[in-house]
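We're numbering straight along the sequence, starting at 1.
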Amino acid sequence: MAPARMFLGGGSRILRLVSLPSQHRPVTFLSRQISMEAQSVADRLNSSGFLRTQGLIGGKWIDAYDGKTLKVHNPANGEVIANVSCMGVRETNDAIVSAYDAFKSWSKLTAAERSKCLRKWYDLIVAHKEELGQLITLEQGKPLKEAIGEVSYSASFIEFFAEEAKRVYGDIIPSTLSDRRLFVLKQVGPALACGCTVVIKPSELTPLTALAAAELSLQAGIPPGAVNVVMGNASEIGDALIASPQVRKITFTGSTAVGKKLMAGAAGTVKKVSLELGGNAPCIIFDDADLDVAIKGTLATKFRNSGQTCVCANRIIVQEGIYDKFADAFSNIVQKMQVGDGFHEGVSQGPLINEAAVQKVESFLQDAKSKGAKILLGGKRHSLGMTFYEPTIITDVKSEMLISREEVFGPVAPLLRFKTEEEAINIANDTNAGLAAYVFTSNMQRSWRIAEALEYGIVGVNEGLVSTEVAPFGGFKQSGLGREGSKYGMDEYLEIKYVCLGNMNSN
Ligand SMILES: NC(=O)C1=CN([C@@H]2O[C@H](COP(=O)(O)OP(=O)(O)OC[C@H]3O[C@@H](n4cnc5c(N)ncnc54)[C@H](O)[C@@H]3O)[C@@H](O)[C@H]2O)C=CC1
Ligand SMILES: O=C(O)[C@H](O)CS(=O)(=O)O
């Protein structure tokens, strides 16, 4: 059985999908240009062997075969944190072979043996959550407290699946004929937990966290080749993984556009595919909502990671009776948020990941204003410069505006207005996305009606932070395929085998 799995997606997210070997080699390097604060953080991480800059193939940290590197920047100040290996097809194919070879032994361990390795990895990650959090803030920009929280949250998936792996049960099927016994086996499962081996491609914007996690997973005793990490030329790597018949499963986290490309490519070798794609979350607020609860929940879902998560509220749809009151109260809270470097105490809004992200926000706001939207708060680049953007609220937003049709993936809260429950549902469902949705109401019956009517894989009722390892995470429509986390997450990595034991009446 060909085992290798491919993971594509954001750096720290990788923690949620897999477990990652090392020869302890002094990690070379750092750019001489980064600022004092980031410098001291980076130096500490470097000296602790945490700052890995090479790819991991067959348990060895290696440079790109042609020596090419790519720069990883600190989005808070644009400075180079590290130069990491810039890999392509050849390295990817070698990583696939490593994973394929490692599968033969790794998959033969019992679930209990694998579970021990994963539990050790979980313990190491938790023991180093400060360092991993610092890496996330360094390369992605989010506030340190939020970054450390993300490490704990991500690690909880390893803990969960280490346990869940031991509960992959099969079935006995009552036979229709007396001379045979029928049963079902379930084989292989979330990533390493159930015996898969993996090739990981973290985002080229945030590879350091995934590499550090691989360092820790090797220390946890996961055998060489079970986990491989390659980064660099995204489409080259992706195409190599997609084309290989040895890769039996693709799990991708990223934009719907790239997800569609990978899904199409996977057809060539009939690979299993899990896709965690783009969102366009509605956040519906009824007149009867507890205003404080609605404000708190909307703030949490809208501005987490400066609006750069797939489950961030993208449209805030407010019933007309509470619209003005909500807009004023929400604006009063949002304007108090502190924008700045994620390492600075009190900062809740870090920079956007890159200039392209800022330009996307600006184009969406331009479109909205040209169609009648009004800026209630913010609406321009922050005085800090770089890719910092002012937390923004716009009103009089309509469904036909770009900001309602696509995810802004930034700190912009568009307020739409509705009259009736039916109108709210129609507005909410009027999109190709279907990942997360939120509703705030004090009416229990209404909350059930809305939750059932919303075409979304995740629904928060009177809550803006709903993600957890124990619940299925994934979307309807073009937001993806399959589920991460929960017992349902196992099914994405399981092959179901039917066995018929015949000739049972002979001695
Ligand atoms: N559903 C979910 O759980 C999540 C979805 N997302 C979505 O991801 C998007 C934002 O993330 P981005 O990194 O900007 O998305 P992106 O699609 O540009 O990049 C995601 C990953 O795909 C890789 N990639 C890009 N082109 C590729 C190709 N041709 N072949 C193979 N790999 C390729 C990138 O290197 C990166 O690692 C948003 O749409 C967001 O909603 C983000 C987080 C979670
Ligand atoms: O990377 C993301 O956007 C996450 O999938 C969202 S969450 O799981 O952190 O809520």
Side-chain angles (χ1 to χ4, degrees), residues 1-20 96 99 103 153-154 156-158 160-161 164-165 168 186-203 210 227-229 234 237-279 309-311 432-436 456-458 467-496:
M1 183 188 310
R5 307 288 186 265
M6 171 182 97
F7 298 93
L8 290 163
S12 60
R13 256 189 87 74
I14 297 291
L15 290 167
R16 291 173 45 183
L17 296 171
V18 295
S19 38
L20 295 165
I96 292 170
F103 177 77
Y153 165 57
S154 299
S156 68
F157 284 74
I158 297 170
F160 179 83
F161 283 115
E164 202 63 12
V168 178
K186 293 184 177 181
Q187 292 178 316
V188 190
L192 295 178
C194 300
C196 301
T197 51
V198 297
V199 177
I200 296 169
K201 190 212 85 54
S203 173
V227 175
N228 305 272
V229 186
I237 294 168
D239 291 349
L241 289 162
I242 290 289
S244 169
Q246 291 181 323
V247 175
R248 295 309 311 139
K249 166 85 181 183
I250 299 286
T251 182
F252 170 74
T253 295
S255 63
T256 299
V258 174
K260 288 179 176 178
K261 179 179 179 293
L262 296 172
M263 182 176 174
T269 46
V270 192
K271 293 181 184 12
K272 286 171 85 110
V273 178
S274 299
L275 301 170
E276 290 289 351
L277 305 178
T309 88
C310 54
V311 292
N432 291 330
L435 187 58
Y456 292 82
I458 303 166
S467 306
T468 169
E469 74 283 7
V470 300
F473 186 107
F476 287 19
K477 301 195 252 183
Q478 298 188 27
S479 284
L481 283 177
R483 294 295 182 269
E484 283 179 3
S486 80
K487 65 173 185 165
Y488 302 98
M490 301 291 284
D491 298 341
E492 304 303 326
Y493 298 88
L494 290 173
E495 295 287 10
I496 294 179

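- We find the OG1-CG distance between Thr197 and Asn228 to be 7.5 Å, quoted to the nearest 0.5 Å.
- Across all non-hydrogen atoms, the minimal contact from Phe160 to Lys487 is CZ-N, 3.9 Å.
- In this structure a side-chain-to-backbone donor-acceptor pair under 3.5 Å is present from Ser255 to Val258.
- Only one option out of Asp491, Leu481, Thr251 pairs with Ser274 in a side-chain contact (heavy atoms from CB on, under 4.5 Å); it is Thr251.
- With values rounded to the nearest 0.5 angstrom, Met263 atom CE is found 10.0 Å from Lys260 atom NZ.
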| query | Between Val273 and Leu262, is a side chain to side chain contact (heavy atoms under 4.5 Å, CB included) present by the stated rule, with each step listed? | reply | CA-CA 9 Å; Val273 178; Leu262 296 172; over 6 Å; no
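- Heavy atoms of other residues, nucleotides or ligands lying less than 6.0 angstrom from NZ of Lys272 number more than 12.
- Distance alone, capped at 3.5 Å, is enough to place a donor-acceptor pair between the Lys249 side chain and the Glu492 backbone.
- Leu277 is listed as a side-chain neighbour of Phe252, based on a closest heavy-atom distance under 4.5 Å.
- Note: Phe157 and Phe161 have tilted aromatic rings, judged against thresholds of 30 and 60 degrees for the angle between ring planes.
- Distance check, rounded to the nearest 0.5 Å: CD1 of Ile158 to CD of Glu469 gives 11.0 Å.
- Side-chain N or O atoms of Thr269 include none that pairs as donor or acceptor with a backbone N or O of Pro245 at under 3.5 Å.
- Remark: the backbone N or O of Val470 is not paired with any side-chain donor or acceptor of Ser486 at under 3.5 angstrom.
- Separating the CD1 atom in Ile200 from the CG atom in Leu241 is a distance of 11.0 Å, to the nearest 0.5 Å.
- Looking at heavy atoms from C-beta onward, Val247 lies in side-chain contact with Lys271 at the 4.5 angstrom threshold.
- The two residues Ala240 and Ile96 have their closest heavy-atom pair at O-CD1, 3.9 Å.
- Note that CD1 of Ile458 is 10.0 Å distant from CZ of Phe476, once rounded to the nearest 0.5 Å.
- Between Ala433 and Gly278, the closest heavy-atom pair is CB-O, 4.1 Å.
- Residues Pro202 and Val229 approach most closely at CD-CG1, 3.7 Å, considering heavy atoms.
- Taking CG of Leu435 as the start and OG1 of Thr256 as the end, the distance is 9.0 Å to the nearest 0.5 Å.
- Asp239 has a carboxylate O that lies under 4.0 Å from a charged side-chain N of Lys261, or vice versa, which qualifies the two as a salt bridge.
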